[in-house]
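Treat the numbers as computed from the prediction; the structure is a model and nothing was measured.
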Amino acid sequence: MIIRGDIIFTERKEEYTVYEDSHLIAEEGIIKGIYKNIPEEHRGEEVIDRRGKLIVPSFTDIHLHAPQYLNRGLGTDKELMEWLKIYTFPEEEKFRNMEYAEKVWKKVINDLWECGSLHSAVFSSIHEKATEKLIELFMVSGLSAYVGKVNMDRNTNESYFEEVEEGIAATERIIRKYEGKSELVRTIITPRFAITCSEDSLKRQGELSDQYRIPVQSHLNENFKEIEFTMSLFPEYENYSDIYNKNNLFGKNAASIMAHCIYNSEEEVELISKNNVYPVYCPESNANLMSGIMDARQLLNLGAPVCIASDISGGHSLFLPRQIVLGIQMSKMKARFENDFSKVIKNSEGYYMATKNPGSFFGKTGSLEIGYEANFLVVDVSDIIMDIEKRSITEKFEKWLYIGSEKNIQERYMKGRKLEKPF
């Protein structure tokens with residue numbers, strides 16, 4: 001396929017790569033190159049003409065909780081632990097009802113499509129059947145996702161927990177049922193966090209990750225009270241990261257996604273940077289629940305694949321440019337308060353953390369370089385750029401990030417094929 005337009009992406013986090021009025025050519029879903037003029041061997045082929053529109057990589061939302069979707073905007077006057085008990089656990093418990101679950105799942109998937117997040121890593125609830133339904137709906141949708149059944153056997157509401165044996169058995173059944181069934185949708189080991197998982201549960205989840213070479217997603221160092229409670233439950237471990245690491249859940253056998261990573265010790269920073277761990281910056285969630293500000297710069301400088309994500313429903317917006325902009329703004333506040341302006345995240349870096357870095361968890365997506373999958377969005381900014389404005393492609397793109405919306409996304413492509421609204 002050949003598509004023509006103004007192409008912009010971040011091959012490197014420090015700067016944008018821009019091709020004005022150029023042709024992106026993909027063969028069998030893989031980008032062959034970007035050309036000002038169509039090469040001789042492709043002349044005469046159909047061209048999708050999107051002149052004046054932006055062609056940008058699709059987003060990857062690498063951390064969100066699908067069963068919390070209807071809770072967006074609720075409980076933001078609470079801190080993490082109280083918010084979980086009053087709002088989150090009661091909502092997730094409703095997903096034992098399959099009719100309720102299917103309605104919410106379809107809404108989540110449709111909205112991911114609308115927001116241009118064609119790849120995502122998603123927490124389900126503890127319910128086996130609801131998790132299977134979420135996996136199957138993603139398979140039908142054409143979007144790509146890692147979906148995990150949550151495991152939690154303690155420190156939760158009385159009516160929303162499972163025994164270790166029950167949770168591990170259900171997790172393994174799901175893994176085996178969907179193993180090799182889809183190139184786009186896969187399973188992921190999902191301990192909610194150490195507080196709600198006994199040591200036995202963590203150990204056995206690590207064994208499943210090792211046995212099936214399946215990645216892991218969880219939470220790390222989000223909140224002071226959370227960290228204090230965690231270490232009271234695991235006093236024999238050196239720190240929060242050590243708990244996951246010694247139970248094979250920290251990027252040893254397969255990659256691990258660790259959301260938040262705000263309050264890391266020096267030892268933990270080293271452990272994150274040396275293992276295959278994806279630290280996730282969740283600015284909106286961290287602001288809503290008064291958790292703090294990740295030092296994204298520190299981890300980026302050490303080569304860690306830092307990502308930006310929505311963290312629904314701690315965060316309330318699924319549109320990742322909202323998270324990018326807030327993440328940049330919060331980095332500026334951190335830099336001002338600490339009088340260290342090296343901590344400021346640039347616009348290009350923010351976009352990189354929502355595209356190429358999280359995309360690498362899925363393979364080759366999140367950039368428009370040769371050899372990458374042709375996963376991209378066509379963005380029409382005509383309603384936010386006046387005729388009298390003379391703007392560069394980069395300026396148009398950044399205005400979209402800051403003042404545009406998902407409504408500006410005109411088309412979505414997955415492996416070079418136009419992706420229609422799923423449901």
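Closest approach of Pro279 to Leu299, counting heavy atoms only: CB-CD1, 4.0 Å. Thr355 and Thr60 get closest at one heavy-atom pair: O-OG1, 4.4 Å. Closest non-hydrogen pair, Ala304 versus Ile272, comes out as CB-CG2, 4.5 Å. Annotation for Asn247 and Tyr237: closest pair ND2-OH, 3.3 Å, computed over non-hydrogen atoms. Smallest separation of non-hydrogen atoms from Gly315 and Asn288: CA-ND2, 4.1 Å. Nearest heavy-atom pair across Ser124 and Thr131 is OG-OG1, 2.9 Å.
Outside the 6.0 Å centre-distance limit, the rings of Trp105 and Phe423 are not counted as a close aromatic pair.
Remark: Met139 pairs with Ile135, Tyr178, Lys181, Ser182, Val185 by the side chain to side chain contact (heavy atoms under 4.5 Å, CB included) rule, at least two apart or across chains. By the side chain to side chain contact (heavy atoms under 4.5 Å, CB included) test, Ser317 is found to be paired with Glu284, Phe319, Arg322, Gln323, residues two or more places apart in sequence or in another chain being considered. By the side chain to side chain contact (heavy atoms under 4.5 Å, CB included) test, Glu102 is found to be paired with Lys106, Lys133, Leu137, residues two or more places apart in sequence or in another chain being considered. A search for salt bridge (charged side-chain N to carboxylate O under 4.0 Å, His left out) contacts involving Lys274 returns Glu270, not counting sequence neighbours. Under the rule for a side chain to side chain contact (heavy atoms under 4.5 Å, CB included), the partners of Asp21 that lie at least two apart in sequence or sit in another chain are Arg4, Asp6, Lys36, Arg51. Contacts of Asn71 classified as side chain to side chain donor-acceptor pair (under 3.5 Å), with partners at least two apart in sequence or in another chain: none.
When the options Tyr160, Phe89, Tyr69, Tyr100 are evaluated for a ring pair (Phe, Tyr, Trp, His ring centres under 6.0 Å) with Phe95, the one that passes is Tyr100. Among Val306, Ile257, Asp311, Asn357, the one residue that satisfies the side-chain contact (heavy atoms from CB on, under 4.5 Å) test with Val280 is Ile257.
For the atom pair CG (Asn286) and SG (Cys261), the distance works out to 10.0 Å, reported to the nearest 0.5 Å. Note: Asn347 CG to Ile324 CD1 = 9.0 Å, rounded to the nearest 0.5 Å. For the atom pair CD1 of Ile25 and NE2 of His42, the computed distance is 4.5 Å after rounding to the nearest 0.5 Å. Between the NZ atom of Lys399 and the CG atom of Asn408 there is a distance of 11.5 Å, given to the nearest 0.5 Å. One distance of note links CE of Met231 with CD1 of Ile227; it measures 9.5 Å at 0.5 Å rounding. Here the straight-line distance linking atom CD of Glu406 with atom CG of Leu320 works out to 11.0 Å at 0.5 Å rounding.
Considering only heavy atoms from C-beta on, Met353 comes within 4.5 Å of Ile345 through its side chain. Contact annotation: the side chain of Glu114 never approaches that of Asn110 to less than 4.5 Å [non-hydrogen atoms, C-beta and beyond]. Side-chain contact between His260 and Phe193 is absent, with no heavy atoms from C-beta onward closer than 4.5 Å. A heavy-atom distance below 4.5 Å is found between the side chains of Ile3 and Phe376.
Heavy-atom contacts from other residues, nucleotides or ligands closer than 6.0 Å to NZ of Lys203 number 12 or fewer. Within 6.0 Å of the CD atom in Glu46, the count of heavy atoms belonging to other residues, nucleotides or ligands does not exceed 12. Heavy atoms of other residues, nucleotides or ligands lying less than 6.0 angstrom from CD of Glu14 number more than 12.
Applying the salt bridge (Lys or Arg N to Asp or Glu O under 4.0 Å) rule to pairs touching residues 221-232 yields nothing, sequence neighbours excluded. The salt bridge (Lys or Arg N to Asp or Glu O under 4.0 Å) contacts involving residues 144-159 comprise Lys149-Glu162, where partners must be two or more places apart or lie in separate chains. The salt bridge (Lys or Arg N to Asp or Glu O under 4.0 Å) pairs that include a residue from residues 245-268 are Asp242-Lys246, where partners are two or more places apart or lie in different chains. Sorted by first and then second residue, the salt bridge (Lys or Arg N to Asp or Glu O under 4.0 Å) pairs with a member in residues 289-301 read Asp295-Lys343, Arg297-Glu349; sequence neighbours excluded.
Ser141 places a side-chain N or O within donor-acceptor distance of the main-chain N or O of Leu143, the cut-off being under 3.5 Å. A donor-acceptor distance shorter than 3.5 angstrom exists from the side chain of Tyr281 to the backbone of Gly327, with no hydrogens or angles considered. Looking only at distances, no side-chain donor or acceptor of Asp210 sits under 3.5 Å from a matching main-chain atom of Gly206. Judged purely by atom type and a 3.5 angstrom limit, Arg176 has no side-chain atom pairing as donor or acceptor with the backbone of Arg173. Within the 3.5 Å criterion, the main-chain N or O of Val269 finds no donor-acceptor partner in the side chain of Asn264. Side-chain N or O atoms of Thr190 include one that pairs as donor or acceptor with a backbone N or O of Ile188 at under 3.5 Å. When atom types are taken as modelled, the side chain of Ser218 and the backbone of Arg192 share a donor-acceptor pair closer than 3.5 angstrom. Remark: side-chain polar atoms of Ser209 are paired, donor with acceptor, to backbone N or O of Ile214 under 3.5 angstrom. Between the Asn239 side chain and the Ser241 main chain, a donor and an acceptor come within less than 3.5 Å of each other. Judged purely by atom type and a 3.5 angstrom limit, Trp400 has no side-chain atom pairing as donor or acceptor with the backbone of Pro321.
Of the N and O atoms on the side chains of Asn151 and Thr171, at least one donor lies less than 3.5 Å from an acceptor on the other residue. Side chain to side chain, Ser382 and Asp380 meet the donor-acceptor criterion of an N or O pair below 3.5 Å.
Ion pair Lys177/Glu128 not flagged as a salt bridge, since none of the NZ, NE, NH1 or NH2 atoms sits closer than 4.0 Å to an Asp/Glu carboxylate oxygen.
Classified by interplanar angle (parallel below 30°, tilted 30° to 60°, perpendicular above 60°), the ring pair His63/Phe123 is perpendicular.
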Walk me through whether Tyr351 and Phe397 qualify under ring pair (Phe, Tyr, Trp, His ring centres under 6.0 Å). CA-CA 11 Å; Tyr351 188 63; Phe397 173 74; 4.8 Å; yes

Please lay out, stage by stage, how Arg50 and Glu411 fare under the test salt bridge (Lys or Arg N to Asp or Glu O under 4.0 Å). CA-CA 10 Å; Arg50 297 295 180 262; Glu411 296 171 307; 2.7 Å; yes

Stepwise, does the side chain to side chain donor-acceptor pair (under 3.5 Å) test hold for Gln205 with Ser201? CA-CA 6 Å; Gln205 289 179 78; Ser201 176; 2.9 Å; yes

Validation: residues 73-86 side-chain donor-acceptor distances under 3.5 Å, sequence neighbours left out:
{"residue": "Glu79", "atom": "OE1", "partner": "Asn223", "partner atom": "ND2", "Å": "3.4"}
{"residue": "Trp83", "atom": "NE1", "partner": "Leu74", "partner atom": "O", "Å": "3.3"}
{"residue": "Lys85", "atom": "NZ", "partner": "Asn157", "partner atom": "OD1", "Å": "3.4"}

Tell me which donor-acceptor pairs under 3.5 Å the side chains of residues 361-368 have, and how far apart each pair is, sequence neighbours excluded?
{"residue": "Thr365", "atom": "OG1", "partner": "Asn375", "partner atom": "ND2", "Å": "2.9"}
{"residue": "Ser367", "atom": "OG", "partner": "Glu369", "partner atom": "OE2", "Å": "2.7"}

